Chemist: 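Structure in structure tokens, see below.
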Amino acid sequence: VSQDQRVAVALGARSYDIVVGAGLLKRAGAELAPVLRRSDAIIVTDANLASTPHLGGLERSLEAAGIASRCVVLPSGEATKSMTQLGELLDRLLDLGVDRSTTIVAFGGGVIGDLAGFAAAILLRGLDCVQVPTTLLAQVDSAIGGKTGINTRHGKNLIGAFHQPRLVLADTAVLASLSPRELRAGYAEVVKYALIDRPDFFAWLEAHGHNVLAGDAAAQQHAVLTSCRAKAAVVAADEREGGVRALLNLGHTFGHALEAACGYGDELLHGEAVALGMVLAFDLSVRLGLCPAADAERVRAHLAAVGLPTKLGGIKAGGPAPDTLFAAMGHDKKAQEGRPRFVLTRGIGQAFAGAEVVPAELEALLEAAA
Ligand SMILES: NC(=O)c1ccc[n+]([C@@H]2O[C@H](COP(=O)([O-])OP(=O)(O)OC[C@H]3O[C@@H](n4cnc5c(N)ncnc54)[C@H](O)[C@@H]3O)[C@@H](O)[C@H]2O)c1
Ligand SMILES: [Zn+2]
């Protein structure tokens, strides 16, 4: 049986802990109590989570620690990260009589974490928030680092705020009810940390990644913990993305373009787009003479072995056309003056940010990948 483990996110007065453990939800009340301003919390969750036993488990654990909790349940899915649902949530929180000392507990995947975190950032000019992520993606990525926000018809995450949580509780046991496809998509972000600067972790994933996806408790704990350490280090070094935090965009310039072209739906999940994007980033690095071809091949082989997409041809009638992708990359939030910025690599564990790539190289790459 694995023990809970803690990772500190060092941000001065805004520092907080990430706790990782299987069955941690049972101890959520005891973990939360010290960070609450008073023994009162409002859980924000989605309909899927509300239909699992996990929500009751969290509520009972808070109750046992003497914490009165109430719950707001929102619809599941990306469409919930909207201005309409934000307005609804804010009013429901005010209906429940929140005051400045109320803590919001975001209990769900990245959708709930981003929306409830943003509501906490702006309601009464800022309430405390605790993130209790329930998807692999949220546990290793979205719940950590304080980026919160919603989508508009102009694009994803265009309205938001930095609002660091007071605590992050990642119970790997709740991943058991997640669909295999969602689990795999989150796994792509785990691979991302390995590819950025942890070559030994990549070798570990090659050997044990299938155990992570098969629900092995020790393997999940190791993968989540290592990923949390990686994200915490980057966030502590660069809270507002002026520098190294950009490395976390490995695979994301291509990935975001693919998601935009596929309509942010069931066709291609974010993590699947990131898997494809990482393959393209390695291929591009090989074309530019930066990275050994053998490293790109290892990356492709591992992602394919766990069932993530690695070929553009695998999506929507051969994938979006190269010029569509190219245009989407120019509109990326992180593009500068319409020119996309890439995270490229000198090999597994040797990513670097800020590269500008001439259009002809990109076109050639996308043609070759089609
Ligand atoms: N803030 C950040 O830094 C950051 C980083 C990456 C992604 N994101 C955002 O995260 C969102 C995606 O998050 P996601 O992939 O977690 O999606 P999600 O929140 O939509 O969750 C995926 C699905 O799984 C269900 N679910 C969640 N936990 C479950 C569980 N334990 N058992 C059964 N079902 C469960 C949800 O109801 C949903 O249907 C996107 O909006 C993205 O923009 C934010
Ligand atoms: Zn991502």
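All values derive from a computational prediction rather than experimental measurement. For ligands, and for the atoms within them, numbers begin at 1 and follow the listed sequence.
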Chemist: Any side-chain donor-acceptor pair under 3.5 Å between R300 and T310?
Modeler: no
Chemist: Please report how many protein N/O/S atoms lie under 2.8 Å from the Zn ion (ligand 2).
Modeler: 3
Chemist: Under 4.5 Å between side-chain heavy atoms, counting indirect links through other Ile/Leu/Val/Met/Phe/Trp/Tyr residues: same cluster for L325 and V274 or not?
Modeler: no
Chemist: Can you pull out every side-chain hydrogen bond (donor to acceptor under 3.5 Å, both in side chains) where at least one residue sits in residues 42-66? Sequence neighbours excluded, please.
Modeler: D46-S76, N48-S76, H54-S177
Chemist: Within 45 degrees of the ring normal and closer than 6.0 Å to the centroid, is that where the cationic atom of R346 sits relative to F352?
Modeler: yes
Chemist: Side-chain donor-acceptor contacts of residues 115-136 below 3.5 Å, not counting sequence neighbours, with atom names and distances?
Modeler:
unit_1: D128; atom_1: OD1; unit_2: R37; atom_2: NH2; d: 3.2
unit_1: D128; atom_1: OD2; unit_2: R37; atom_2: NE; d: 2.9
unit_1: D128; atom_1: OD2; unit_2: R166; atom_2: NE; d: 3.4
unit_1: Q131; atom_1: NE2; unit_2: G113; atom_2: O; d: 3.2
unit_1: T134; atom_1: OG1; unit_2: G108; atom_2: O; d: 3.4
unit_1: T134; atom_1: OG1; unit_2: G109; atom_2: N; d: 3.4
unit_1: T135; atom_1: OG1; unit_2: A138; atom_2: N; d: 3.0

Chemist: Can you confirm whether more than 12 heavy atoms, excluding those of K26, are under 6.0 Å from its NZ atom?
Modeler: no
Chemist: Distance alone, cut at 3.5 Å: any donor-acceptor contact between the side chains of N151 and E78?
Modeler: yes
Chemist: For ligand 1, output the ligand-protein N/O contacts shorter than 3.5 angstrom; if there are none, return none.
Modeler:
unit_1: ligand 1; atom_1: 1 (N); unit_2: D114; atom_2: OD1; d: 2.9
unit_1: ligand 1; atom_1: 1 (N); unit_2: K147; atom_2: O; d: 2.8
unit_1: ligand 1; atom_1: 13 (O); unit_2: G110; atom_2: N; d: 3.1
unit_1: ligand 1; atom_1: 16 (O); unit_2: G110; atom_2: N; d: 2.8
unit_1: ligand 1; atom_1: 16 (O); unit_2: T135; atom_2: OG1; d: 2.6
unit_1: ligand 1; atom_1: 19 (O); unit_2: G110; atom_2: N; d: 3.1
unit_1: ligand 1; atom_1: 19 (O); unit_2: V111; atom_2: N; d: 3.0
unit_1: ligand 1; atom_1: 28 (N); unit_2: T134; atom_2: O; d: 3.4
unit_1: ligand 1; atom_1: 28 (N); unit_2: T134; atom_2: OG1; d: 2.7
unit_1: ligand 1; atom_1: 31 (N); unit_2: T134; atom_2: O; d: 3.1
unit_1: ligand 1; atom_1: 31 (N); unit_2: V174; atom_2: O; d: 3.0
unit_1: ligand 1; atom_1: 32 (N); unit_2: S177; atom_2: OG; d: 2.7
unit_1: ligand 1; atom_1: 37 (O); unit_2: D46; atom_2: OD1; d: 3.3
unit_1: ligand 1; atom_1: 37 (O); unit_2: D46; atom_2: OD2; d: 2.7
unit_1: ligand 1; atom_1: 37 (O); unit_2: N48; atom_2: ND2; d: 2.9
unit_1: ligand 1; atom_1: 39 (O); unit_2: N48; atom_2: ND2; d: 2.9
unit_1: ligand 1; atom_1: 41 (O); unit_2: E78; atom_2: OE1; d: 2.8
unit_1: ligand 1; atom_1: 41 (O); unit_2: E78; atom_2: OE2; d: 3.0
unit_1: ligand 1; atom_1: 41 (O); unit_2: K81; atom_2: NZ; d: 2.8
unit_1: ligand 1; atom_1: 43 (O); unit_2: K81; atom_2: NZ; d: 3.0
unit_1: ligand 1; atom_1: 43 (O); unit_2: K156; atom_2: NZ; d: 2.9
unit_1: ligand 1; atom_1: 43 (O); unit_2: N157; atom_2: ND2; d: 3.4

Chemist: Could you go through F202 and H302, starting from their C-alpha distance and side-chain angles, then the distance that decides it, and tell me whether this counts as ring pair (Phe, Tyr, Trp, His ring centres under 6.0 Å)?
Modeler: CA-CA 9 Å; F202 186 75; H302 179 57; 5.6 Å; yes
Chemist: Any donor-acceptor pair under 3.5 Å linking the side chain of T148 with the backbone of F162?
Modeler: no
